[in-house]
Amino acid sequence: TIRGSIISSELQYHIDKQPDPLVTHQNTDISISNAIQVIQKRWPSMVSQSTESPLFIFSAGFRSGSTLLQRLFFKQCWLWGEPYGTSGLIDHLIAPFLHLNQNWPPENFIHNPNEFHSPQQGWIANLYPEPNHLITATQHYLEALFKMPAIHQGYTLWGFKEVRLNGEHASFLRWVYPHAHFLFLIRNPYDAYRSYCKFENHWYLRKPDLLIDSVEKFAHHWLNSCQSLLQHAETLNAKIIQYEHLIDPEFDWTEVEDYLGFAIEKTALQLKITGSQNHQRDPIEVEKELQRLAKIVHPLASRLGYNHY
């Protein structure tokens, strides 16, 4: 069991098995982290110059308290909620980087301003901007979509919270924004699934093909997300918070506030804003599903102090 009001960013967890490929959204054929290493080896100068410090909140799956955490920071930071998440927005931004390697694109495809003086007389059928512009373009896209509307609302700090992304996505955002802050939220998967069962409609990881419509899919998404966030937390200097501590009135927010550089709005914890949770499930049926969930999320859940009673 992990003790304390906040899980240390130095937490080391031995992964007994690789994340299950059932929910393919969580597993790319090429690791984002590995792709970044390959890119930096070939283009050492391809480094972000951004001084922006957005806040990104990632939760390990659905019904983990990310909206409550989001609400705590809204007085200081405009945090978008799962923006266009089911469209795979961040995955699509990452996709071009996953194709870059030691051989592609060929050097003669890349525009060299020192050698390219006469476009009309040169080979221009394959003419690519220098790869460092991909980082700049990604920043412009994210800031046009998320930062500028936040500024129009009178905010200078911005970011978003997500329930569909993992530590690999966070690694990409850290690369693009070296000064970004990350909060990783984890909740008891058994409680999270009970909460999920209160909603009649199932939710998508990505439309139209990745629907969480079974306890097994819910469990794998929690497991994959949780493993990934724990694996990347130390490298990203992310703070991991357990939901059970988040709702504790005695929770000490000092470490989080020092990390972010501003005070949070603790009165938001007293608000209870509910959605359309009116679906009643047979308790016996839910209990059977929780037993199936336990077969997947154990032993990681147990290591975090979460057991199925």
Side-chain angles (χ1 to χ4, degrees), residues 1-3 7 16-17 19-26 57-72 81-82 85-86 161-164 166 184-230 240-251 268-309:
T1 301
I2 296 173
R3 303 180 184 277
I7 300 179
D16 297 308
K17 58 172 288 189
D20 195 289
L22 175 64
V23 185
T24 56
H25 175 72
Q26 293 291 324
I57 297 175
F58 286 10
S59 75
F62 298 112
R63 306 305 300 159
S64 294
S66 62
T67 303
L68 174 59
L69 194 58
Q70 172 194 18
R71 191 173 291 119
L72 291 175
E82 304 165 36
T86 57
K161 68 100 169 177
E162 253 299 348
V163 299
R164 296 173 175 85
N166 60 28
F184 294 163
L185 182 62
I186 298 172
R187 184 184 185 184
N188 183 323
Y190 307 105
D191 291 341
Y193 185 71
R194 289 188 185 97
S195 179
Y196 189 70
C197 287
K198 295 178 181 178
F199 292 83
E200 183 173 5
N201 295 323
H202 299 299
W203 298 345
Y204 282 91
L205 282 184
R206 185 186 64 214
K207 289 185 177 181
D209 55 334
L210 295 178
L211 178 66
I212 303 300
D213 56 359
S214 72
V215 64
E216 284 78 16
K217 290 182 181 179
F218 185 95
H220 282 289
H221 179 47
W222 182 91
L223 180 63
N224 292 343
S225 299
C226 196
Q227 285 181 333
S228 182
L229 295 180
L230 292 175
I240 302 180
I241 304 174
Q242 288 179 284
Y243 171 81
E244 295 72 26
H245 297 143
L246 169 65
I247 61 175
D248 184 349
E250 302 302 318
F251 185 87
L269 289 168
Q270 302 170 8
L271 299 175
K272 187 173 180 61
I273 302 174
T274 59
S276 55
Q277 303 180 55
N278 55 12
H279 185 53
Q280 298 297 321
R281 292 280 308 279
D282 180 356
I284 297 178
E285 179 183 347
V286 172
E287 177 59 30
K288 291 180 179 178
E289 292 177 355
L290 288 172
Q291 293 175 10
R292 288 154 55 190
L293 181 111
K295 293 180 180 180
I296 297 171
V297 301
H298 187 82
L300 176 54
S302 179
R303 287 176 181 256
L304 294 172
Y306 301 137
N307 294 294
H308 177 223
Y309 299 103

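In this text the structure is predicted, and so the values were computed from the model without any measurement.
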TODO: Work out which heavy atom in R164 is nearest to a heavy atom in L205; give both atom names and the distance.
DONE: CD-O, 3.1 Å
- [ ] Check whether the side chains of S59 and K161 place a donor and an acceptor atom closer than 3.5 Å, and report yes or no.
- [x] no
Open item on the list: Run E216 and K295 through salt bridge (charged side-chain N to carboxylate O under 4.0 Å, His left out) and show every step you take.
Closed with: CA-CA 9 Å; E216 284 78 16; K295 293 180 180 180; over 6 Å; no
Task: Test item: N188 and L304 side chains (from C-beta on) under 4.5 Å apart, heavy atoms - done: no
TODO: Report the C-alpha distance between R194 and L290 in whole Å, list the side-chain angles of each, state the deciding distance to 0.1 Å, and finish with yes or no for side-chain contact (heavy atoms from CB on, under 4.5 Å).
DONE: CA-CA 8 Å; R194 289 188 185 97; L290 288 172; 3.5 Å; yes
Open item on the list: Counting C-beta onward and ignoring hydrogens, is there a side-chain heavy-atom pair between I247 and L269 closer than 4.5 Å?
Closed with: no
TODO: Drop me the distance from E285's CD to E287's CD, to the nearest 0.5 angstrom.
DONE: 12.0 Å
- [ ] Taking the side chain as every heavy atom from C-beta outward, state whether R206 and T86 have any pair of such atoms under 4.5 Å apart.
- [x] no
Open item on the list: Between H221 and V163 (side chain of the first, backbone of the second, donor and acceptor by atom type, cut-off under 3.5 Å), is there such a pair?
Closed with: yes
Open item on the list: I need the W203 CH2 to L211 CG distance, nearest 0.5 Å.
Closed with: 12.0 Å
- [ ] Report the C-alpha separation of F218 and L293 in whole Å, then their side-chain angles, then the decisive distance to 0.1 Å, and conclude whether the side-chain contact (heavy atoms from CB on, under 4.5 Å) test is met.
- [x] CA-CA 8 Å; F218 185 95; L293 181 111; 3.8 Å; yes
Open item on the list: Just verifying a value: how many Å separate E82 CD and T67 OG1, rounded to the nearest 0.5 Å?
Closed with: 6.0 Å
TODO: State, with a plain yes or no, whether a side-chain heavy atom of Y196 is found less than 4.5 Å away from one of I212.
DONE: yes
TODO: Would you please say whether a donor-acceptor pair under 3.5 Å links the side chains of S195 and R63?
DONE: yes
Task: Any L246 side-chain heavy atom under 4.5 Å of L69 side chain - done: yes
Task: Gap separating the OG atom of S66 from the CD atom of E162, nearest 0.5 angstrom - done: 8.5 Å
Open item on the list: With a 4.5 Å cut-off on side-chain heavy atoms, are R187 and Q242 touching?
Closed with: no
- [ ] State whether a side-chain donor-acceptor pair under 3.5 Å links N166 with S225.
- [x] no
Open item on the list: Is any side-chain heavy atom of L230 closer than 4.5 Å to one of I186?
Closed with: yes
- [ ] Using a strict cut-off of less than 4.0 Å between a Lys/Arg side-chain nitrogen and an Asp/Glu carboxylate oxygen, indicate whether K217 and D213 qualify as a salt bridge.
- [x] yes
Open item on the list: To the closest 0.5 Å, what do you measure between NE2 (H308) and OG (S302)?
Closed with: 13.0 Å
Task: Nearest non-hydrogen partners of A268 and L72, listed with the distance - done: CB-CD2, 3.8 Å
TODO: Compute the centroid of each ring, for Y306 and then for Y190, and state whether the two points are separated by less than 6.0 Å.
DONE: no
- [ ] Taking the six-membered ring for Trp and the full ring for Phe, Tyr or His, determine whether the centres of W222 and Y193 are under 6.0 Å apart.
- [x] no
Task: S228 side, atom OG; F58 side, atom CZ - distance, nearest 0.5 Å - done: 9.5 Å
Open item on the list: Do C226 and L300 make a side-chain contact, defined as non-hydrogen atoms from C-beta onward lying under 4.5 Å apart?
Closed with: yes
